[in-house]
Amino acid sequence: MGVGHSSLSSCSVDSLCITAFTAQPKTSSFSNSNRQKPLFPTKKHSPFAVLKIGTLNCARVAGEMDIGKGIAAAGKPIVDLHDIDDGLIQKIVYDALVWSSLHGLVVGDRNDQRSGKLPGVGMVHAPIALLPTSFPESHWKEACELAPIFNELIDRVSLDGKFLQDSLARTKKVDAFTSRLLDIHSKILEMSKREEIRLGLHRSDYMLDEKTKLLLQIEFNTISSSFAGLGCLVTDLHRTLLNDYGEDLGLDSKRIPGNTATGQFAEALAKAWTEYNNPRAVAMIVVQTEERNMYDQHWLCTLGITYNVRTIRKTLAEIDSEGQLLPDGTFLVYVSSDYCIEGGQAVAVVYFRAGYAPTDYPSESEWRARLLMEQSSAIKCPSISYHLAGTKKIQQELAKPNVLEKFLESKEDIAKLRKCFAGLWSLVDSDITKKAIEKPELFVMKPQREGGVENRVFGSTSGNNIYGDDVKETLLRLQKEGSEEDAAYILMQRIFPAVSPTFLIRDSICHKDHAISELGVYSAYLRNKESVIMNDQCGYLMRTKVSSSNEGGVAAGFAVLDRHSAWQIMVLVILKHREELF
């Protein structure tokens, strides 16, 4: 996987220019000769002396279209970084940091203990790619067309309680977190409770495999699909930078399409609130005790301004102490308000930005809160069924022959989904396990536990997935122990996207490095009984990380936010979420 080079002006209307969040592993380099050396030395007398520029992790350039051949050459950068004047880069970096500060492209500073609890305290710019990356338009359209199909698939899978329970039965024995989720699901099934109004705010993540030129799915996120808010700001940032510097770089800002993720997610939440049919009810966002990505979440609170829907934020522990379930299923939360009903505020929509990881449930209090909400008539985003439908094991089960046919009728839709499936296997497949031991570099071991997109941009360097020699060692250990712990994992084909050089900004430091990117496509699904009210693709997210980093979450400190162009579509690139956010 060599690094390609081309000029910005060579981007054709057949490729997308994408904006991105960037990731940052502990060590990385653009080349062995400049490891950890500053890209641009700072001077005390320079107006840019406040900027530290070094060797960070970068945003990937997905690819360009060759106008003559009409074929996407994925992975080629939209600009030859060696030809950009250092002084020009310093100016662009400075302007990018000012813009981010003025427009709310910010996250909490992990070095300030209060930044995750108090808004306006300890804010720093989100990690971003300085320049957009390119992505083939044909694959971009493919990802967008898949969004409503996946929405419908997840909805139908969520209704098949037996399929969910049976598929996750072995996992339940060895994964305590999945077991607790399944227990709640079982209680809901015993109640014969059917979610008549179902809301999903999803994101499907893809990589473009360089060798096969296939767009392959990494995962489908059904809970806490974050960075819709900050992602739209990255698009605006890159458009602004190209308005000012596009002539020097050979890029036209008009070729950057808008990103509608924030508006469409807010619209979906508002429409769900309307379907609940209680104008005095609120929309409740379930949040973590400390949330340094709160500003991305607050962008969705335009519900109150645009749709006149009041939103409140509660932790799971607060919900346990302040929540109440009425006999008719109404869910109340006690808040200080003039709109209180019987001492509590009715909740129409519960939007989870927490509850996706074991660390969100430190005590029984949090589990009681989750069950209480699931038992209520409030619209959950996601419901426990949607949550389970997004697990890795279900992803693997759906990739088996003849399984999609149980849920979808259209042969054309089934073929489209199968085309984007990477290789997915259970560890009970002895042939695949043997191959993974022999060539571990071709596989990834994925646990059921998800980190939530929240968990990957801002500091931690830990992740959930297992790569390289660790795959071999883990498989050999599991075989030797002979336990059922293998049920806690699936094996996935490792995808090798193109590697390209790029500039990334994190902690006001600009770095140049080799990077790869992952495209996320947001979607919203809202259904009331037999009526599908919304089933739309809702914007995008591009997450870029150093090619030497296995994990990809922005919140965990592996990636940055980026954008792409196609015509050049500049897409937000966020580091893929994995374990602990910070």
Side-chain angles (χ1 to χ4, degrees), residues 16 18 135 139-159 197-207 215-232 235 257-272 275 296 299-300 349 351-353 356 379-383 385-387 389-391 394-395 398 404 407-408 410 413-414 416-417 419-421 450 452-454 518-528 531-543 564 569 571-574 576-577:
L16 301 143
I18 304 179
F135 195 85
H139 291 95
W140 160 259
K141 289 182 176 179
E142 179 184 353
C144 292
E145 291 172 357
L146 287 170
I149 304 174
F150 270 115
N151 281 346
E152 187 65 39
L153 173 64
I154 290 298
D155 183 67
R156 297 187 182 187
V157 169
S158 74
L159 298 178
I197 306 175
R198 303 188 292 278
L199 172 64
L201 298 180
H202 305 141
R203 197 190 69 244
S204 186
D205 296 330
Y206 304 91
M207 279 186 174
L215 183 75
L216 299 178
Q217 186 185 54
I218 305 298
E219 62 187 356
F220 191 86
N221 301 279
T222 60
I223 184 169
S224 189
S225 300
S226 64
F227 291 112
L230 297 187
C232 293
T235 297
N259 191 345
T260 59
T262 303
Q264 287 186 274
F265 267 23
E267 179 187 2
L269 288 165
K271 286 185 174 181
E275 291 299 312
D296 176 63
W299 279 107
L300 292 182
V349 180
Y351 175 41
F352 286 93
R353 291 300 289 262
Y356 48 77
I379 302 167
K380 276 75 67 177
C381 181
S383 66
S385 296
Y386 266 48
H387 188 170
T391 58
I394 297 301
Q395 181 186 10
L398 291 172
L404 287 178
F407 301 102
L408 299 175
S410 171
D413 288 349
I414 291 172
K416 289 180 179 179
L417 295 185
K419 182 181 177 182
C420 80
F421 284 166
E450 188 50 81
V453 174
E454 277 331 347
E518 179 176 314
L519 172 66
V521 174
Y522 293 108
S523 61
Y525 187 88
L526 176 61
R527 187 185 192 111
N528 190 343
S531 176
V532 177
I533 299 163
M534 192 173 185
N535 185 10
D536 298 326
Q537 180 263 332
C538 300
Y540 45 81
L541 169 72
M542 184 67 79
R543 292 169 294 177
H564 75 104
I569 272 186
V571 133
L572 157 73
V573 163
I574 293 185
K576 191 181 167 199
H577 67 283

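Start at 1 with the first residue, then count along the sequence. Scope of the values below: all heavy atoms of this structure, side chains included, with no hydrogens, waters or symmetry mates.
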Against Y522, only a single residue in Y540, F265, F227 fulfils ring-ring contact (aromatic ring centres under 6.0 Å, His included); can you say which? F265

Who pairs with F220 by ring-ring contact (aromatic ring centres under 6.0 Å, His included), at least two apart in sequence or on another chain? F150, H202

Got L201 and L269 here, is their nearest side-chain heavy-atom distance under 4.5 Å? yes

In the structure I gave you, are the side-chain heavy atoms of Q217 and L146 within less than 4.5 Å of one another anywhere? no

Drop me the distance from I197's CD1 to R527's CZ, to the nearest 0.5 angstrom. 12.5 Å

Looking only at heavy atoms, which two atoms of A228 and A261 are closest? And how far apart? CB-CB, 3.8 Å

Do the side chain of N535 and the main chain of P148 share a donor and acceptor less than 3.5 angstrom apart? yes

So which heavy atom on V521 is nearest to which on C144, and how close? CG1-CA, 4.4 Å

Derivation of the side-chain contact (heavy atoms from CB on, under 4.5 Å) call for V532 and D155: CA-CA 11 Å; V532 177; D155 183 67; over 6 Å; no

Over all atoms of both residues, closest heavy-atom pair of L199 and A272: CD2-CB, 3.8 Å

Mind checking the OG-NE2 spacing from S224 to H387? Nearest 0.5 Å is all I need. 10.0 Å

For the backbone of F407 and the side chain of R156, can you confirm whether one donor and one acceptor N or O come within less than 3.5 Å of each other? yes

Nearest 0.5 angstrom please: C420 SG to H139 NE2, how far? 11.5 Å

Kindly determine whether Y386 and Y525 satisfy side-chain contact (heavy atoms from CB on, under 4.5 Å), including the steps that lead there. CA-CA 11 Å; Y386 266 48; Y525 187 88; 3.5 Å; yes

Smallest separation among heavy atoms of T260 and G539, with atom names: OG1-N, 4.0 Å

Could you state the interatomic distance from CH2 (W299) to OG1 (T262), rounded to the nearest 0.5 Å? 8.0 Å

Give the intermediate values and the outcome of side-chain contact (heavy atoms from CB on, under 4.5 Å) for residues I149 and L408. CA-CA 9 Å; I149 304 174; L408 299 175; 4.3 Å; yes

Hey, is R198 close enough to E275 for a salt bridge, meaning N to O under 4.0 Å? no

Between L216 and K419, what is the shortest heavy-atom contact and its length? CD2-O, 4.0 Å

Find the distance between CD (E142) and CD (E145) and round it off to the nearest 0.5 Å. 8.0 Å

Going by atom types only, do N151 and S523 share a side-chain donor-acceptor pair under 3.5 Å? yes

N259 and C232: CA distance, side-chain angles, deciding distance, side-chain contact (heavy atoms from CB on, under 4.5 Å) verdict: CA-CA 5 Å; N259 191 345; C232 293; 4.0 Å; yes

Quick one: list whatever passes ring-ring contact (aromatic ring centres under 6.0 Å, His included) with Y351, sequence neighbours left out. none

So, N221 side chain and R203 main chain: donor-acceptor pair closer than 3.5 Å or not? yes

E267 bridged to K271 by N-O distance under 4.0 Å: yes

Supply the atom-to-atom distance L417 CG to E152 CD, rounded to the nearest 0.5 angstrom. 11.0 Å

